[in-house]
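Okay, so here's the structure we're looking at.
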Amino acid sequence: MPEGLAARVEPAEVARRRAEVRVLVLTGLGLNCEVETAEAFRRVGATPQLVHLLDVLRGHAAEPLSHYQIIAFAGGFGFGDHLGAGFVYANKVRWQLYDQLLEFIDDGGLALGICNGFQMMTRLGMVPGFDGDYRTARATIAPNDKLGYWDTWIRLRVDRESPCVWTRGLDSLELPTRHGEGKFLTESPEVLARLEEGHQIAVRYVDAAGNATEGWPDNPNGSPGGVAGVCDPTGRLFGLMPHPDAYLYPFQHPRWFRQDDAERPAEGGGLAIFRNGVDSVAFPT
Amino acid sequence: MIHRIEIAVRRGLSDARAEHAAHQIREFLHQPVTAVRTRDVYHVEADLTADEISRMVAELTDPVLQTGAVGRLDDGPFDIAIAVAYKPGVADPVGKSALVAIEDTLGRKLEEGSAVYTSVLYLLDGVDEQQGRRIARDLLANAVVQDTRVETHDEWRAAPPSLEVPRVEAGPRPAVRMVDLSGTDAQLEHLSQEGLLALSLDEMRAIRDHFERAGDDPRRRAAGLAASPTDVELECLAQTWSEHCKHKIFNATIDYHDGEGEPQRIDSLFKSYIQRVTEEIHQELTATDDGSWLVSVFHDNAGVVAFDDSVHLVYKVETHNSPSALDPYGGAITGIVGVNRDPFGTGRGAALLSNTWGYCFASPFFDGELPPGLLHPKRVRDGVHRGVIDGGNQSGIPYGRGWEIFDSRYLGKPLVFCGTVGVLPVTIAGSAGEEKAALPGDAIVMVGGRIGADGIHGATFSSAALDEASPSQAVQIGDPITQKMMFDFLLEARDQGLYNAITDNGAGGLSSSVGEMAEGPGGARLDLERAPLKYAGLAPWEILLSEAQERMTLAVPPDKLGAFLELAARRDVEATVLGLFTDEGWLEVTYGAETVALLSMEFLHEGNPEMHLTARWQRPSFPEPTARPSDHSETLLDLVGRLNLASNENKARHYDHEVKGLTVVKPWVGEKGDVTAEATVFLAHHRSLRGYVLSEGINPFLSDLDTFAMAAGAVDEAVRRQLCAGARLDRIAALDNFCWPDPVLSAQTPDAEYKLAQLVRACRGLFAACRAYGVPLISGKDSMKNDAIMGGVRISVPPTLLVSAIGQIDDVRQAITVDFKTAGDALFVLGATKAETGGSEYFRYLGERAGLTGEAGAPTPYVGNAVPKVDLDTALALYRAFASAVAAGWVRSAATPAKGGLGMALARSAMAGRLGAELDLGRLPAAADLAIDDLLFAESNGRFVVTVAPADAERFAEHFQGHACSRVGRVTTERRLILTRGATPVVDVELATLTKRYKEGLAHA
């Protein structure tokens, strides 16, 4: 591994425990970010495995869900996002895998949904997941206010009081967003209020001054309150629209080529999210 | 039984699709719409109970966002309802996914023949029926692929909701016809024209003569075939021999007259220039210690170059012009997902890394009278963008390059270039990844989508001018998801070594893919009755020729066939054995028990008569501008906002450019990421810091003066852009895409000999520049009939050559971007500026200022005369020095003066860096001899604008001794671009104003 690509060097014990964290990255049926998602988990020392959803559904997978501690729902266009973002893919999971998935969650498993994965988790009801109810969709992710897909980097503020294990210790993040449907809407103002109260809105789009924003382009979709990512009350299940999986290397930051060595970060800013998730399994508190 | 479901966004929530439509209706059609609502309508044709259909409504409706009903939603009054549905046979991917959702929800398979048909209902307030019809026709639907139903509120109320679906009604099993070729020449020509065969009289005669001879062949007689071809045979030959597939013009013998001395005979432009330059470079490289980095060129679906120990790079660029003219969205999405299959069908299959796109359109602000049969260029542009956006994004492939060129001559046919870079493992399942060979006895397996009547005659259709009679069935609509599922499966099969060869089904469908793959083993037997169809009733020739999308053809050895088919089934991908490859020397096509075609492989591939053409060159002459403006600040501000120079960010950011997590230098760079990069840089995988670099050169405006200079300049621009990103000079490969007006003499093209001479000169210019720079041409494509004849008016595109370059950089962290980095940095101009103003953006601007507009189909004035040339030796020496300056780490920003000249290059670096500059043009060596506006806006080749840290500036200047190199000024924090000549002020503009104008030029297009 060339020096510039190597992940952070860690003590042997840390590396060993992280390597024992097994991550299932689902693939197929129109998903397309599985390779970089798996690469992100690999770079922070975990052991990811790519498995086709149809193999999981039809019993062809080598391991059951219980073999893994983390399930990643990668980004992409499950079934082309026909009938709504993530709809057909989530529907397949709901009718053919959901009991197993709920068992996985009950057993303390973690889940990360990025973009299309977040859309699916929301449709399935994995988030907000109030009171352990992971079957009821209380929110949705609607088309952007400005019609169409949009690729741009945004700034996120992390809620330091959030139970979200994936954002522990983080204050802010810069990441690319790339979606046409990212506007997080709840079924009622009460649901949003409860999300706020429980600090389940782990990340929000912010403007240059660092304030949560609904204004384009800092908020690419018009999400009320700048909601960019949401976790369940346990903090173990987390979905977000922006792509930490596309910021694996420091030189992927859009202004990296404008920075001098002192300003340049040591690693891609997206990795922190993956490392947090893996560490919460490897080093339970 | 047909059930209808309607789903709408809940009242009070934003309906982005409706708002977008309302905006377009007002701004583009100027119709007084006051409100728009939309609904998704699903017609479900399936045996469902009332309970089941109610349950499906609940399932398909997002409870937070939407409301749904069986039949019709009641949602208050409106003025006009417009329903937009696909025509029968047009692909409906959303319907296909809906069927999956229904089966998943109900937990059972629906019976064969079940289908979901999707449509959209627009409810409009504030317009009458006539306005509604106009909106339907000119905005919401394209009559080529969609049907509309426009109703007033009363009409809508009066009738129950429509349960009509665009089902294709199966006809009787069509018979195979024998085609009588015994008639007169006129009859043969008529037969070719009538049947959309695009075969010339010579070719028709050759076919007639061949079958007369072949009539005696015992094998043919045994198969019950006579001394004339079947319709299957004739159609198959027409496809195989089409200009699209056979490149007859590039392979013709040409007598070239340049007006001086004897005519010169050229035996194939392809062999004499394109192939030759690559072979010569390959030989030179082979003799070096490192050997050649060319892995596979010309013979496969895409070119292959070496990258690192584990992978090669594969690159292909295609055009999809005619279909995009008829149905911009469908044509363009098919263009991008179609070119994806080229790298995928190269070697034993390359995974896809990045896409490129580039379009030539007429102005989206066109307000002249549109010739009948043409779509407004704004509609064409919007639709093409949307198609390639959907195709690329849904396939999970980032784009690397995107550009647009605007000229009135693209009104007749837009040019839609789509490219794809792939990554091919050096070794696949134990043998070289680029090697593929179907063996006798291998099964012919078709994988992916099913065959329909879509895209029949695409290859022959694109080999003819567009006119009012152009067939709508030539248009397909790509379905990226079906293709993505197929690709995912095939990559698994590839790595398990389950097949010997793979190629795509594009132009000509099975006739091309099987016909080409059968060349190796020496024959094939194909049974069309086994082919999976979207609907019954296709004639055998239609099955053979259909260009229905998302299909690959593979050669699977018998011992792997079981494993291959089993894996396909596990991935929900359809794979069907259609026959086998043989060494019998024949392409034998059956339809069940009946032999419907029996063609000798030799006649199929070698039997077409060679063309013999004449080319006559004559140097053109155009008026020069009579008045030059004196306010150069104003000129610069006007130029940066012109269509050909302005930012198209509001379109380009709809394309994903970061999926796969390998993007390094993005298409948009600088402090705010709002200026286009000179070239983009990507990793090829996650295991190394080595990167590949994408750039291109294109300037069709120079074709009006001299295509030799145009082509050489395109190579030069592509190479300079590469260097500006930090690419190595010795690893640049290029692709050539020619889009020409018809250069074959006929009643419709009396000026063909000149256009052919333009082609000859372009090939020579391409050869000269590639040879000098050591840039091999690894793949290419030509599209030779880019004319439209509408209402008796012919509009031909200007001869257009796209040179797409793919280079390499050893460490992506050493890449360079265009933006000024730090105030105080020294500013250099490298390369000589000459009074080469011909074909410049500046001259067209002067023409517009003078109130001149070209005649329909003519160049936009002013054209001028002094075409930018490339001094190849001088340039190469400078580029070597430049590459070593980059390697030394001295170059902090680099820009390529091209369209818009030095002025535009400086503006781009300044805008991107949000930093100003002060410089003295008087320090340029040519300053004394040139008018100041020539100095600023001439588009001379071979130049760079570079910034260097002050500490390195002296060494940098020393390094370029003996080259044209001037230290002209410095980067400043003051956000102004201040240019002088000596003490005389030349330009003084605020950066904020400049940036605003740059971003506004296309913002409201």
Side-chain angles (χ1 to χ4, degrees), chain A residues 1-2 4-5 27-33 35-36 39-40 52 54-55 58 60 75-77 79-84 87-88 91-92 95-96 123 137-140 142-153 176 178 185-187 222 243 245-249 251-252 254-255 257-258, chain B residues 13-14 16-17 19-20 40 59-60 62-65 93-94 96-98 100-101 104-105 107 389 393-397 479-481 484-485 488 570-572 653-666 668-671 673 686-689 811-813 815-817 819 821 913:
Chain A
M1 180 65 56
L5 278 182
T27 74
L29 309 180
L31 297 194
N32 57 40
C33 297
V35 174
E36 58 265 40
E39 181 65 22
H52 200 287
L54 291 179
D55 278 348
R58 295 170 186 172
H60 293 300
F77 277 84
F79 285 96
D81 280 356
H82 302 147
L83 295 94
F87 175 84
V88 183
N91 195 61
K92 221 174 229 319
W95 296 106
Q96 298 179 34
R123 286 194 190 278
R138 302 201 175 282
T140 192
N144 298 352
D145 280 350
K146 249 175 100 111
L147 188 70
Y149 199 91
W150 194 253
D151 182 334
T152 191
W153 279 62
R178 319 184 314 241
L185 295 177
T186 52
E187 66 173 14
H243 279 275
D245 53 316
Y247 187 16
L248 303 181
Y249 310 108
F251 47 78
Q252 289 178 316
R255 283 184 299 284
F257 287 96
R258 301 187 57 69
Chain B
L13 293 176
S14 108
R17 176 173 61 189
E19 281 156 28
H20 185 78
D40 287 307
E59 289 296 333
L60 293 175
D62 183 317
V64 178
L65 195 62
V94 179
K96 215 167 136 184
S97 295
V100 172
D104 286 343
T105 304
I389 288 165
N393 292 356
Q394 294 184 19
S395 303
I397 304 168
D479 171 9
I481 290 314
K484 177 81 169 95
M485 286 170 63
D488 287 352
R570 261 172 65 177
R571 297 292 171 252
D572 282 2
R653 279 198 184 269
H654 288 295
Y655 297 76
D656 196 314
H657 60 253
E658 304 187 84
V659 58
K660 293 185 188 298
L662 297 169
T663 311
V664 181
V665 175
K666 302 170 211 298
W668 295 89
V669 295
E671 182 63 25
H686 290 285
R687 301 179 303 276
S688 122
L689 282 164
D811 182 336
V812 295
R813 295 170 303 175
I816 293 158
T817 55
D819 44 314
K821 299 295 185 300

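All values derive from a computational prediction rather than experimental measurement. Numbered from 1 within each chain, the chains take letters A, B, ... in sequence-line order.
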Can you tell me which of B/Q394, B/K484, B/E59 forms the most heavy-atom pairs within a distance under 4.5 Å of chain A? B/Q394
Relative to chain B, which segment of A/A139 carries a heavy atom at a distance below 4.5 Å: side chain, backbone, both, or neither? backbone
Interchain contact, B/T663 with chain A, by part (heavy-atom threshold 4.5 Å): backbone
Quick one: are A/H243 and B/E658 in side-chain contact, heavy atoms under 4.5 Å? no
Between A/P143 and B/L65, what is the shortest heavy-atom contact and its length? CD-CD2, 4.1 Å
Whether the side chain of B/R570 engages the backbone of A/D55 through a donor-acceptor N/O pair (distance < 3.5 Å, no angle test) should be reported. no
Any donor and acceptor pair, going by atom type alone, linking the side chain of B/R653 with main-chain N or O of A/D151 inside 3.5 Å? yes
Please confirm whether the backbone N or O of A/N91 pairs with a side-chain atom of B/D104, one donor and one acceptor, at under 3.5 Å? no
Minimum heavy-atom separation for B/A16 to A/L147, with atom names? CB-CD1, 3.8 Å
Under 4.5 Å to a heavy atom of chain B? For A/T27 that would be neither
Sub-4.5 Å side-chain heavy-atom contact between B/K666 and A/P254: yes
Where A/F257 and B/R813 come nearest, the two heavy atoms and their spacing: CE2-O, 3.9 Å
Do B/E19 and A/D145 come within less than 4.5 Å of each other through their side chains, counting heavy atoms only? no
Look only at the side chain of A/E187 and the backbone of B/V64, and say whether a donor-acceptor pair between them is shorter than 3.5 Å. no
Suppose we screen for side chain to side chain donor-acceptor pair (under 3.5 Å). Which residues come up paired with B/D479, at least two apart in sequence or across chains? B/T482
I'd like to verify something: which residue of B/A815, B/P63, B/P480, B/G673 has the highest number of heavy-atom pairs under 4.5 Å with chain A? B/A815
A/R255 and B/D819 ion-paired at < 4.0 Å: no
Heaviest contributor of heavy-atom pairs below 4.5 Å to chain A, chosen from B/K821, B/H20, B/H657, is B/H657
Would you give the length of the straight line joining atom CZ of A/F79 to atom CD1 of B/I481, rounded to the nearest 0.5 angstrom? 9.0 Å
May I ask you to name which of A/V88, A/L248, A/T152 has the most heavy-atom pairs under 4.5 Å with chain B? A/V88
Does A/Q252 reach the main-chain N or O of B/G661 with its side chain, forming a donor-acceptor pair under 3.5 Å? yes
Heaviest contributor of heavy-atom pairs below 4.5 Å to chain B, chosen from A/P176, A/A137, A/G84, A/C33, is A/P176
Pick from B/G107, B/S14, B/P93 with the largest number of heavy-atom pairs that fall under 4.5 Å of chain A: B/P93
What part of A/L185 gets within 4.5 angstrom of chain B, counting heavy atoms only: side chain, backbone, both, or neither? both
Non-hydrogen side-chain atoms of B/D572 and A/R58 separated by less than 4.5 Å: yes
Measuring heavy-atom distances to chain B, does A/D81 have an atom under 4.5 Å in its side chain, in its backbone, in both, or in neither? neither
Side chains of B/D62 and A/R123: does their closest heavy-atom pair fall under 4.5 Å? yes
Can you check whether B/V812 reaches A/F251 side chain to side chain, under 4.5 Å on heavy atoms? yes
Return the option, out of A/R138, A/H82, A/Q96, A/K146, with the maximum number of heavy-atom pairs under 4.5 Å with chain B. A/H82
Would A/E36 and B/V659 count as a side-chain contact (heavy atoms from CB on, under 4.5 Å) if you check the C-alpha gap in whole Å, the side-chain angles of each, and the deciding distance to 0.1 Å? CA-CA 8 Å; A/E36 58 265 40; B/V659 58; 3.8 Å; yes
With a 4.5 Å heavy-atom cut-off, do A/L83 and B/V94 have their side chains touching? yes
Value rounded to 0.5 Å, distance of CD in A/E39 from NZ in B/K660: 13.5 Å
Counting only non-hydrogen atoms closer than 4.5 Å, does B/S97 touch chain A with its backbone (N, CA, C, O), its side chain (CB onward), both, or neither? both
Chain A interface, residue from B/T105, B/L662, B/I397, B/I389 that has the most non-hydrogen pairs under 4.5 Å: B/T105
Would you call B/N393 and A/R178 a side-chain contact if the rule is heavy atoms closer than 4.5 Å? no
